[in-house]
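Note: hydrogens, waters and symmetry copies are ignored here, and every other heavy atom, side chains too, is used. Residue numbers start from 1 in every chain, and the chains themselves are labelled A, B, ... in the order their sequence lines are given, proteins ahead of strands.
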Amino acid sequence: MKKNLSFVIALVVTAALAAVPLFVKKDSLLTYLCMILLYVSLASSWNILGGYTGQVNLGHSAFFGLGAIATRLLWFAGWNILLAMLVGGLLAIAFALLIGSPAFKLRGAYFTIGTLALGQILYATVGNLFPQISSMPVQDLISYTLVTRYYLFLAVALITVLAATLVANSRWGLGMMAVREQEDAAESLGVNAFQHKLLALVLSAFLAGLAGGAFAFFQIGYYPQYPFSPIWTLDSTMMAYIGGTGTILGPIIGAIFFVVLKEVLSLNLAEFHPTVFGILFILVVLFLPGGFMGLWKRIKDKQQKKRESMAELSHP
Amino acid sequence: MLQPLAQNIIYGILIGALYGLAAVGLSLVFGVSKFLNVSHGELLMLGGYASFWVFKLLKIDPFLSIPLTIIFLLLIGFIFYRLIFSRLIKLEVEKKIQNSLLVGFGLSTILQNVALRLWTADDRSITTAYSGLSFELAGLRLPAVRLISLAISVVALISLQIFLKKTFTGKAIRATVEDWQSASLMGINIHRVYLLAFVIGCALAGVAGTLVSICYSIDPSMGLNWTLKSMVVMVLGGLGSMIGTFVGGIILGVTESATAFFIGGNYRLIAGLLLFLIILIFRPQGLFGTKEGDR
Amino acid sequence: APKAVETEAPVVTEAPATEAPAETEAPAVTEEATYPPAPEFIELGSSISLTGNFGSLGNLILPGYQIAVEHINAEGGVFVKEYNTKIPLRLTYYDDESDPTKAVSKMETLFSEHELTAYLGGGGSSMHAASIPIAEKNKVPYLGISFALYKIHQQGYKYLFSPFPKSPNQTEDVFKILNEAIPEGERPTKVAVFAYNDDWGKEWGGLVKERAPEYGYEIVVYEENPVGVNDWTAAIQKAKAAGAEMLLTLPIFPDGSGMFKTMAELGWTPKFSLVIRAPEGVNWGESLGKIGEYVTIFPGWHHGAKFEGVDKLNARYEELYGRPADLLTGPAYACVQILAQAIEKAGTLDRDVIRDTIASGEFSTVIGKVTFNADGTGNVLDPLIQWQNGKMELVWPAEHATAPLIYPAPAFEDR
Amino acid sequence: MLLQVEKLNKAFGGLKAVNNVDFSIQSGEIVGLIGPNGSGKTTTLNLLTGFLKPDSGSIMFDGKEIAGSPRCSMCGNGIARTFQLVKPFLNLTAVQNVMIGRTFGKEATMNLKLAEEDSFSILEKVGLRSRAYVLAKDMTLMQRKRLELARALAAKPKLLLLDELMAGLNHAEADEAMETIREIRASGITILIVEHIVKAIMGLSDRIIVLNMGEKVAEGTAQEIMYDPRVIDVYLGKSHA
Amino acid sequence: MLKLTEIDTFYGDLQALWGISLEVREGEMVSLIGPNGAGKTTTLQSITGLLRPAKGSITFDGHDLLKVPPDKIVDLGVSMVMEGGRVFAGMTVLENLELGAYGSRARKERFETMEHVFKTFPRLKERLNQRAGTLSGGERQMLAIGRAMMSKPKLLMLDEPSFGLAPILVDAIFEMVKGINKQGVTILLVEQNVRAALELADRAYVIENGRIVGEGSGEALLSYESVRSAYLG
Ligand SMILES: Nc1ncnc2c1ncn2[C@@H]1O[C@H](COP(=O)(O)OP(=O)(O)OP(=O)(O)O)[C@@H](O)[C@H]1O
Ligand SMILES: Nc1ncnc2c1ncn2[C@@H]1O[C@H](COP(=O)(O)OP(=O)(O)OP(=O)(O)O)[C@@H](O)[C@H]1O
Ligand SMILES: [Mg+2]
Ligand SMILES: [Mg+2]
């Protein structure tokens with residue numbers, strides 16, 4: 001019953017999001033929505049490896065960037081954008097497979113900083129190899145419509161959340177969580193930790209690659225290096241954390257909170273908006289150490305306990 | 001060929017020492033309280049600005065004003081710890097790392113913005129009368145300012161090491177790293193230990209910031225790069241090893257310089273990071289880390 | 001509320017639209033024609049970096065825009081024939097945090113929330129590169145300064161105008177000036193180029209390589225670094241070993257300060273150095289002292305330039321910031337002047353007409369007479385500035401000069 | 001013969017933690033493994049379960065050589081274990097903990113519904129049914145130990161290795177635990193048990209193997225071991241004699 | 001010497017101790033027994049300040065322990081050996097012992113105390129510069145007790161010192177505890193090895209579900225049928 005309810009809610013939300021362009025005509029609002037959807041994809045895809053599998057990856061922007069760069073090149077070369085994005089995703093997978101086996105030799109902070117270094121290497125390399133700005137040709141600008149971009153971002157976000165949900169509720173998801181919690185115990189029970197981590201990495205990479213593709217389709221002019229910037233990783237990590245890792249809703253809530261708060265503040269307070277943002281952000285962390293989903297869980301636990309103690313009272 | 005190479009390596013060592021010093025503070029805090037403080041680079045920036053303004057307004061030599069910088073950062077560290085980080089102490093390790101990342105992220109946003117408003121976005125650098133001076137030794141130039149910086153880094157590191165290994169308080173810090181409950185049973189005030197480690201970490205960042213402002217330049221948005229670099233160096237050396245961290249910094253510095261010399265500036269960053277990854281493949285616990293040093 | 005700056009002067013809000021007709025000498029008034037109701041403001045929008053990496057640029061550019069708006073509004077605004085009245089300017093700006101993606105969304109917000117007449121640019125080529133296409137897509141004229149990257153102008157953008165010297169000017173002018181100023185035989189013919197591997201760096205480096213031989217110079221060292229690498233030891237050693245006499249480079253501040261400190265330490269003093277970017281702020285002199293002396297720059301403007309309106313700008317700037325206008329302030333100010341003149345000439349707020357007017361007109365500004373080429377680059381004066389005694393002096397062209405060029409630069413150890 | 005270990009060796013640096021150890025286990029047996037602290041018991045279990053690679057020697061399990069196989073394959077082979085320092089999945093509920101055993105173990109099911117139902121009945125067996133939705137991190141050490149046992153059982157092993165499951169239990173509690181272990185054996189699972197509670201090990205084991213400094217020093221029934229002077233000397237001490 | 005009255009201790013909202021009252025007199029050896037999860041460790045931790053009771057009072061030598069900050073409790077002469085002999089694994093035996101004398105009172109006399117500890121545990125002197133993490137289980141337990149002794153405790157509390165030790169070591173450890181008690185140190189012992197604990201102790205308390213349910217001399221409790229069936233099996 002509960003499952004059905006969430007399913008219905010998800011459907012309604014999806015339908016509402018799909019209808020947005022019919023009512024929203026302002027490009028500014030659509031742009032923000034695009035940003036939110038993009039970050040939902042990034043934070044959710046990060047969460048598959050970082051949240052469910054417990055491998056805190058600070059090189060996520062590498063996958064985003066690879067997706068973007070491949071998509072951009074192929075799209076400019078005349079490919080269909082969807083096909084180009086798919087190739088972008090596959091390129092991200094290829095890179096994930098390449099680094100998976102050495103990266104997973106590392107544990108804890110070593111893995112985290114190791115992936116950070118990997119991301120930085122790609123960032124620097126792409127900067128070296130593609131120093132020229134990539135701009136959409138002017139004749140294409142005429143036909144540029146945000147609505148198309150919006151739907152693409154929406155589709156990627158939906159695919160990401162759906163994939164995360166399916167995996168999290170599968171046997172694979174159980175295995176990933178087991179690896180996150182206690183790798184030795186997981187292996188002793190037959191969970192192949194490496195396989196699970198690799199699967200999570202590949203999936204996470206592919207989805208981030210798709211997001212990168214959508215970004216390449218959206219952003220009119222940028223340096224190819226830009227999507228590889230560590231800022232993307234940092235932002236999506238923070239979003240997943242503040243929403244609550246290892247949950248489906250957490251990264252979504254985190255992304256919305258993050259983007260909306262930042263936007264509202266920066267539109268209203270020109271000079272001091274980062275300070276106010278920082279203070280609010282810290283306050284949220286201090287009061288919600290488990291992120292927004294942690295708060296939700298605590299409320300549920302309290303209710304559960306109350307119910308239990310009531311039950312105890314009636315059957316001593 | 002040999003002479004320029006040697007000259008380059010000297011610079012690599014001098015730069016690497018700065019990397020090392022910057023990372024040691026981060027590593028100390030991470031080791032003791034499992035706070036991955038991503039606002040470390042901003043603390044460095046504050047140290048840099050402190051020296052800059054003391055130099056500019058009071059005309060006090062930046063090397064001589066280091067004690068002032070240290071006091072300033074101890075104070076800042078104290079405030080941040082009391083106001084923010086102390087509230088995370090009770091969390092379990094994973095949550096502690098996670099939340100300290102978040103809090104540090106918020107803090108770095110604030111510090112950057114405040115620095116920008118207070119001191120404008122202009123880059124600053126300290127140039128003293130003796131900046132640019134160097135000694136000539138066997139045809140090699142040894143820049144005075146950087147040599148003093150190296151000496152200060154080494155002194156800071158050795159003092160820290162002696163403090164940790166020889167004094168009761170230092171041992172208390174190490175004991176708390178291993179098992180805070182047992183430490184508490186020994187009569188160690190663990191909150192004071194956490195506080196102490198945190199403020200020492202801040203002070204080290206401040207000293208590093210001073211040296212950066214003398215050898216290079218500072219600006220409000222410099223933090224992220226130094227944080228990233230410090231994290232890499234910390235892991236390269238091995239978590240929990242201060243000496244290792246310092247050596248890691250020097251290795252990175254020399255690698256970068258040598259790469260710039262042989263291959264070109266474009267590859268220095270990449271080469272440094274690649275070396276880091278290669279070392280990790282063979283020593284997943286870092287150069288001087290212990291096996292159980294994970295997590 | 002969005003950050004709408006009507007500038008500090010109260011004039012803006014008070015400027016009564018009805019007063020205007022009486023003042024104007026326009027013959028149209030006599031015919032009792034009816035005009036449509038005038039908008040309250042002429043809306044200008046800017047997505048500008050006030051924080052982040054390009055914050056230092058943004059914070060220099062913004063005052064230029066603001067003071068210009070203030071000055072124009074003090075006169076009642078811009079007369080627009082279509083409405084037969086003077087309409088004040090209103091500048092709305094958002095901080096894009098030096099993030100190109102944020103810049104895009106800020107550009108869209110400006111367009112959606114305001115009836116924009118024009119965009120004013122922020123600072124830094126990557127920010128411009130992200131913003132300009134939005135202007136192009138929305139068909140709004142875009143005036144931007146503080147980027148010398150020529151390539152942006154070759155994309156075919158119709159709405160982009162930049163009254164600012166570009167790489168081709170800079171790389172040609174430096175040799176021209178040297179050949180004019182220094183007798184043959186004393187010229188620093190051995191050149192070291194410390195370039196960057198970003199597109200401006202490559203464009204610039206490429207042009208220098210091409211031009212140097214034409215003017216009788218030889219590039220003996222060409223080194224490239226990524227932006228943000230402040231250790232130039234290897235490059236400096238090579239330059240020293242090759243006996244280079246002149247340095248051409250375009251570092252950001254951290255790299256530039258690192259570069260010059262290391263040059264002093266390693267004992268290599270170029271007789272002439274053109275250092276674009278890093279020394280353009282007053283902080284260069286404050287921070288580097290003697291080490292930073294004698295470098296020259298091509299910032300596009302100088303407060304000593306002898307053009308109309310410069311004094312007024314300097315006076316106001318002095319009032320606000322305690323020093324004469326900064327190098328980027330003039331060009332920023334000029335952007336607003338150009339716009340105002342173009343609107344007046346066009347006589348309408350129709351953006352396409354304004355665009356065409358900018359493209360074809362000649363404007364007189366604090367940076368001199370400005371006309372635009374088909375690619376949107378401006379024909380502007382490209383003065384050479386040199387750091388002397390802790391101040392920036394205009395040393396070329398002679399008719400504007402505030403001091404003579406000092407050549408050769410004394411060795412670091414003798415300063 | 002379910003398990004046949006021959007000439008098993010493992011050294012850490014200069015320390016021979018397991019030195020030429022031979023033993024075997026028949027289907028349906030409970031075999032005790034005892035020895036002083038640091039004598040190599042846990043190391044032996046780690047070798048059997050692939051957590052350590054033997055330096056040399058052979059481990060035949062169910063007619064198959066398994067020495068050096070990856071540790072995550074051991075469960076599929078039919079060997080499950082508990083850890084001396086319990087390793088629960090702290091942030092998962094008890095039933096999720098057990099489901100992981102059920103969905104990845106020897107007779108793994110892909111059907112999560114089925115796995116969940118099975119897991120409940122296994123929790124029932126170890127007395128944790130009422131704690132099914134409690135997170136492992138909210139459990140006491142003893143509950144965690146029971147959970148660990150449940151998890152191992154869910155993997156449907158042929159051979160179950162128990163490492164000091166009863167440490168910290170008093171005698172009466174140990175009695176209960178012994179009962180549970182007997183029931184497990186009755187369900188057809190062979191057990192290798194490491195324990196320091198003399199009463200439990202003597203009471204449960206059909207056969208006992210004694211290690212000292214990595215070497216096997218004695219093997220026999222509880223009675224034989226109890227009175228073996230070497231065992232008394234190195235392990236039991238006088239008071240148990 | 002030590003007196004607990006009506007102690008309630010909580011973990012979050014979970015109450016673990018309910019009105020615990022007990023007393024230890026100078027020079028005594030008192031055992032605290034009870035099933036798993038009864039609250040024995042919680043009781044000891046409430047005394048040392050690792051946990052703070054929500055209600056009740058704890059006095060030691062005339063001091064109100066609930067008013068003393070945790071790090072000062074050791075100075076008063078209360079020391080505890082935690083479950084599983086937790087030593088600072090990365091530090092040497094010597095450093096571990098030194099840290100035992102961290103409190104200002106004990107620090108002055110640390111050299112004499114150490115000699116004394118070496119008399120009780122000669123093994124430790126042999127391993128002075130070895131990393132504690134490489135010690136065997138028995139040696140670790142010795143170090144943990146020795147480290148606690150370094151604080152010159154008047155009251156030494158031991159939480160399951162026999163946990164996970166081979167029988168032969170268990171005997172040895174109990175012998176040592178007895179020896180320490182003979183030297184005049186008051187002992188509060190928590191043990192699952194109920195028989196040994198009761199045989200050793202002058203008096204004992206039985207704790208179940210966070211409440212004291214029995215009290216008496218060791219011999220007396222040993223002979224109670226309820227205790228026999230519940231703990232001795
Ligand atoms: N990973 C390791 N590296 C180095 N030495 C080890 C390692 N694991 C175990 N040892 C050493 O091997 C020896 C045997 O250890 P093991 O854990 O097998 O003992 P045990 O018989 O299980 O003892 P206990 O009863 O105390 O659990 C010990 O001396 C131990 O210190
Ligand atoms: N950290 C904790 N968080 C929550 N509850 C706890 C915690 N530690 C203990 N408890 C609860 O407090 C009660 C008493 O636990 P305690 O550890 O004091 O028992 P014990 O008598 O020492 O048992 P054992 O013989 O297992 O050591 C138990 O029910 C346990 O669930
Ligand atoms: Mg063992
Ligand atoms: Mg206990």
Proximity breakdown for [X] and chain C, heavy-atom pairs closer than 4.5 Å:
X: B/I214; answer: backbone
X: B/T128; answer: neither
X: B/N8; answer: both
X: B/Q7; answer: both
X: B/Y216; answer: both
X: B/I15; answer: side chain

[X] versus chain B, heavy atoms under 4.5 Å apart: side chain, backbone, both or neither?
X: C/K240; answer: side chain
X: C/Q237; answer: side chain
X: C/L266; answer: both
X: C/T51; answer: both
X: C/T262; answer: both

Gap between atom [atom2] of [Y] and atom [atom1] of [X] - 0.5 Å precision:
X: C/N225; Y: B/L269; atom1: CG; atom2: CG; result: 10.0 Å
X: C/F253; Y: B/I218; atom1: CZ; atom2: CD1; result: 9.5 Å
X: B/I126; Y: C/S257; atom1: CD1; atom2: OG; result: 11.5 Å
X: C/N283; Y: B/F52; atom1: CG; atom2: CZ; result: 8.0 Å
X: C/E97; Y: B/S221; atom1: CD; atom2: OG; result: 12.0 Å

Atom of [X], atom of [Y] and distance for their closest heavy-atom approach:
X: C/G55; Y: B/A121; answer: C-CB, 3.4 Å
X: C/S56; Y: B/D122; answer: CB-OD1, 4.1 Å
X: C/K261; Y: B/T127; answer: CE-OG1, 3.4 Å
X: C/G258; Y: B/R146; answer: O-NH2, 4.5 Å

Side chain proximity check, [X] to [Y], heavy atoms < 4.5 angstrom:
X: C/L50; Y: B/R117; value: yes
X: C/S287; Y: B/D123; value: no
X: B/R268; Y: C/D231; value: yes
X: B/S131; Y: C/I291; value: yes

With a 6.0 Å cut-off (strictly less than), is the heavy-atom count around [atom1] of [X], excluding the residue itself, greater than 12?
X: C/K202; atom1: NZ; answer: yes
X: C/K151; atom1: NZ; answer: yes
X: C/D414; atom1: CG; answer: yes

Top contributor to chain B interface from C/G58, C/P226, C/S98, C/A264 [non-hydrogen pairs under 4.5 Å]: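 Of the options given, most contacts go to C/P226.
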I'd like to verify something: which residue of B/S125, B/A129, B/A144 has the highest number of heavy-atom pairs under 4.5 Å with chain C?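 Looking at each of B/S125, B/A129, B/A144 in turn, B/S125 comes out on top.
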